[in-house]
Structure formats: C-alpha cells, structure tokens
Amino acid sequence: PTLILSREDIPAPPTNRPPPQAFNPRPEDTNAPTPPPNLDGPANPPPPTNGPPPEQRGDRRRGRDGRMPFGRPFWMSEEEYKAAIEKKGVHSFVMLLSTRPLESATSYDLWLRAVISLFAGIAVVGFGVAWRNLARTADLEVRLVRASEQNTRLKEMNLAAAGLAHETRNPLNIIRGLAQIISRHPEAATEIRDKSRSILDEADRVTAQLNEFINYSRPREVRRTAVKLSATISELARALSTDLEDKAIKFQTPADLPIIEADEQLLRQLLFNLILNAIQAGERGGEIKVVAEKVTATEIQLDIRDNGPGVPADQRSEIFKPYVTNHPDGTGLGLAVVQQIATAHGWDIRCLANEPKGAIFRLTHVRTAG
C-alpha cells in the first residue's frame, strides 16, 4: 500500500495579509544616541556573523549536495523530472510506506495467541481428565478396601466351614459303617435292613456334598506339566463306564488329542465333573463327544458336547455359581469347581447351545505343550 501526500491537498495560507510594515523605532527610542560614523569604512557595515557565509551555509532543508531531500521519483526519468521542475516546479511529493512489517507482526501475534489458546485448552482438558480420574481412583480405592475386608471375612468363614465339613465327614463315615454292618447282619429283619440301606444312601449323598464343598474351598495351586489329553479322558471313561452303561450313553473321543500344559490332578477333576454333568443331564441312549479344535499354533479349544435338554440361555452364566443346579440330586458345586480350576489355569469356560439339541461346555485359551 502507498500513501500519497500532495501539496494541493494542503490548504494554502491566506494571501490577504497586510504587507509587512517597515520597522520604526518607538518614540521613546528616538532620543537614543547615534553611534559615531565610521570614517574608514562603509556607512552601514554588515552585522558580524560567527558562521560561514550565506552562499556556503545553504538552506537547512537541502542536503549536502544542495538538492532537496525529496528527490526524483523512481518512476520518472531525469529529463522528465527536470522538465516538470522547469514547467511548474516541485509542488508535490510521494511517500511510500511498506506495510509488510506490520502484517508480519500482526500474523506473529495472532499465531502466538492461537498457540497459547491451544495449550491453555489442552491444559484445561487435561486438568478435567486428571480430576475425573482422581475421583474414580479414590472411589475405586474405597471399593477395593471394602472388597478386601469382605474377602478377608469370607476367607475366614470359608476356612471355618471347611473345617466343620471335614470334622462332620468323620462321624458320617462311622454312621455309614454301622449302617452297613446292620444291613449285612444275618439275624436282622428285612425292614431293618432296608432302613439301614437308606441310611447308607443318605450318608453317601451327604459325604459327596461335603467332599465337593471341601474341594471348592480348597486353594488351587497349579503345577503345570505336559499332560496327554487322550490318556486322561480314556481313564475317566473307564471310571464312569457304569454310569454310561446305566443310561446307554455313547461316549465318543478322538484318538489324536494333543498334549497340553496343565495340572494333571486338577485337569482330571475338571473333566470328571464336566462328563458326569453331561451324563446326569443327558437322556437314555444319548451321546457325549469330546472335540478339540486348534485355534492358533499354541492354543486349542476343548469342547464337551451332549445331546441332552441343554441349558436355557438366561441360565448359561448362572450355572457356574455355587449352589446353582438344574439337576434335582445335584449339589450345585460341580460346575463351580470347574470354573475355579479353569480360572486357576488361565482358561475360560463357557456354556453354549449345541445344535440342534443339547449343550456345549467349551474351554478356551488351553495351551499345547512344546
């Protein structure tokens, strides 16, 4: 942008001023003594000066070269400049001012304000997030303290209940032994023998419940070894052969099951509970399958499938809780023990629907050995 100032834009001074008057001394000065004439020099000598002569002093408005400080404009040649001066004299001048420094300063100021505003906004957001996390952390710490206290009380109650169950199992074994002796006594009446056998059955049922409760309350310490899955399932099939034959259930297992990393005793108990649960829930003439599928190079998923009535969708996550069972004679601790053992190994156990009928209990994240 260019700022042009012209002499025509400046109002001219008024021209109707009176002509300058000659200097007349005041009346009181007329009697002043007249200096004696200078007989050796001119009648009116020039006043003394302390500087160079006028022709050397020059005009203060001019430069050292005698030219005005406002020289020829860059768009005019020297001949055009001289012709303009001879024609009508210098009557205007042009002043060029660059706005680039102002624009640079303005842009830098805006950029600096934007950066400061951005960092201020980030600081405010970070403060808000930190405050929210602090509040959540404080609430979580309070919950953890309460859960820790409750867990401590539950552990104490669990140990007391486990000790009580263990102490109760010994008198039950004595009662069972006496009932067995009475039922085999040759002189006992038939009615007494039948009642003795009922005592035996009830004692066995209570003892089984106590054993499951003790197993559930026992801490799980996993000692991993390489376990041959085919051999373990074959041993369990032989142990449960009587139950399978009573319901005429067909048990199918592949011969090429992999070797996995697990605690052999805990794995045996887990699979025993799952297969026994499938036998108890299955119908006569049913079928149970053991299927192992490779998920990754080092992991498999293991399924226990049956074609029984299955588990309703709203109960599939509840059946792993203690004392929840669909079987009238069940204790509700078998699947709870299964989930406890699976969690101790780092596995995941789920109950799914088996199409077209039945249920699937699937173990995932099972690592293979080697």
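Computed from a predicted model, the values in this text were never measured in an experiment.
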Exercise: identify the closest heavy-atom pair between [X] and [Y]:
{"X": "Ala342", "Y": "Leu270", "value": "N-CD1, 4.0 Å"}
{"X": "Ser196", "Y": "Ser183", "value": "CB-CB, 3.6 Å"}
{"X": "Ala203", "Y": "Arg176", "value": "CB-CB, 4.0 Å"}
{"X": "Ser230", "Y": "Pro254", "value": "OG-O, 4.3 Å"}
{"X": "Glu80", "Y": "Trp75", "value": "OE1-O, 4.4 Å"}

Salt bridge (Lys or Arg N to Asp or Glu O under 4.0 Å) partners for [X], two or more places apart:
{"X": "Asp201", "result": "none"}
{"X": "Glu293", "result": "Arg305"}
{"X": "Glu235", "result": "Arg268"}
{"X": "Asp246", "result": "none"}

Side-chain donor-acceptor pairs of residues 362-370 under 3.5 Å, sequence neighbours excluded:
residue: Arg362; atom: NE; partner: Asp303; partner atom: OD1; Å: 2.9
residue: Arg362; atom: NE; partner: Asp303; partner atom: OD2; Å: 3.3
residue: Arg362; atom: NH2; partner: Asp303; partner atom: OD2; Å: 3.0
residue: Thr364; atom: OG1; partner: Asp348; partner atom: O; Å: 3.4
residue: Thr368; atom: OG1; partner: Thr298; partner atom: O; Å: 3.4

Tell me if a side-chain donor or acceptor on [X] pairs with a main-chain N or O of [Y] at a distance below 3.5 Å.
{"X": "Arg223", "Y": "Glu264", "value": "no"}
{"X": "Ser107", "Y": "Ser104", "value": "no"}
{"X": "Thr296", "Y": "Glu299", "value": "yes"}
{"X": "Lys247", "Y": "Gly286", "value": "no"}
{"X": "His185", "Y": "Ile181", "value": "no"}
{"X": "His345", "Y": "Asp263", "value": "yes"}
{"X": "Ser241", "Y": "Arg238", "value": "yes"}
{"X": "Thr106", "Y": "Leu102", "value": "yes"}

With a cutoff of under 4.5 Å between side-chain heavy atoms, which Ile, Leu, Val, Met, Phe, Trp and Tyr residues group with [X]?
{"X": "Val125", "value": "Val129"}
{"X": "Ile116", "value": "Tyr108, Trp111, Leu112, Val115, Phe119"}
{"X": "Val124", "value": "none"}
{"X": "Ile192", "value": "Ile182"}

What about [X] and [Y], same hydrophobic cluster or not, with Ile/Leu/Val/Met/Phe/Trp/Tyr joined at side-chain heavy-atom distances under 4.5 Å?
{"X": "Val222", "Y": "Trp347", "value": "yes"}
{"X": "Leu271", "Y": "Leu276", "value": "yes"}
{"X": "Val206", "Y": "Ile175", "value": "no"}

N-O pairing of Asp109 and Arg113 below 4.0 Å: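 Looking at Asp109 and Arg113, the cut-off is met.
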Pairing of Asp194 and Arg197 as salt bridge, 4.0 angstrom limit: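 The answer is yes: the pair qualifies as a salt bridge.
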Once you round to the nearest 0.5 Å, how far does [atom1] of [X] lie from [atom2] of [Y]?
{"X": "Thr225", "Y": "Ile260", "atom1": "OG1", "atom2": "CD1", "result": "9.5 Å"}
{"X": "Gln339", "Y": "Ile319", "atom1": "CD", "atom2": "CD1", "result": "9.5 Å"}
{"X": "Ile249", "Y": "Arg284", "atom1": "CD1", "atom2": "CZ", "result": "9.0 Å"}
{"X": "Lys294", "Y": "Ile300", "atom1": "NZ", "atom2": "CD1", "result": "10.0 Å"}
{"X": "Leu240", "Y": "Ile288", "atom1": "CG", "atom2": "CD1", "result": "8.5 Å"}
{"X": "Ile275", "Y": "Leu244", "atom1": "CD1", "atom2": "CG", "result": "8.0 Å"}

Indicate every side-chain donor-acceptor pair of residues 349-357 with a distance under 3.5 Å to a residue at least two apart or in another chain.
residue: Asn354; atom: ND2; partner: Asp306; partner atom: O; Å: 2.9
residue: Lys357; atom: NZ; partner: Glu283; partner atom: OE1; Å: 3.4

Ile304 and its side chain to side chain contact (heavy atoms under 4.5 Å, CB included) partner, picked from Leu274, Asn277, Val338, Ile360: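 Option passing the side chain to side chain contact (heavy atoms under 4.5 Å, CB included) with Ile304: Leu274.
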Given Asp256, Thr253, Leu267, the one that forms side chain to side chain contact (heavy atoms under 4.5 Å, CB included) with Leu229: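 Of the listed options, the one satisfying the test is Leu267.
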Non-hydrogen side-chain atoms of Glu149 and Val145 separated by less than 4.5 Å: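 Touching, per the 4.5 Å side-chain cut-off.
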Note, Leu302 side chain near Val291 side chain (heavy atom, < 4.5 Å):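 No, side chains not in contact.
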Summary of ring-ring contact (aromatic ring centres under 6.0 Å, His included) pairs that have at least one residue in residues 234-260, sequence neighbours excluded: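 Applying ring-ring contact (aromatic ring centres under 6.0 Å, His included) to every pair that reaches into residues 234-260, excluding sequence neighbours, yields nothing.
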Set of side-chain hydrogen bond (donor to acceptor under 3.5 Å, both in side chains) partners for Glu287, sequence neighbours left out: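 For Glu287 the side-chain hydrogen bond (donor to acceptor under 3.5 Å, both in side chains) partners, ignoring immediate neighbours, are Gln252.
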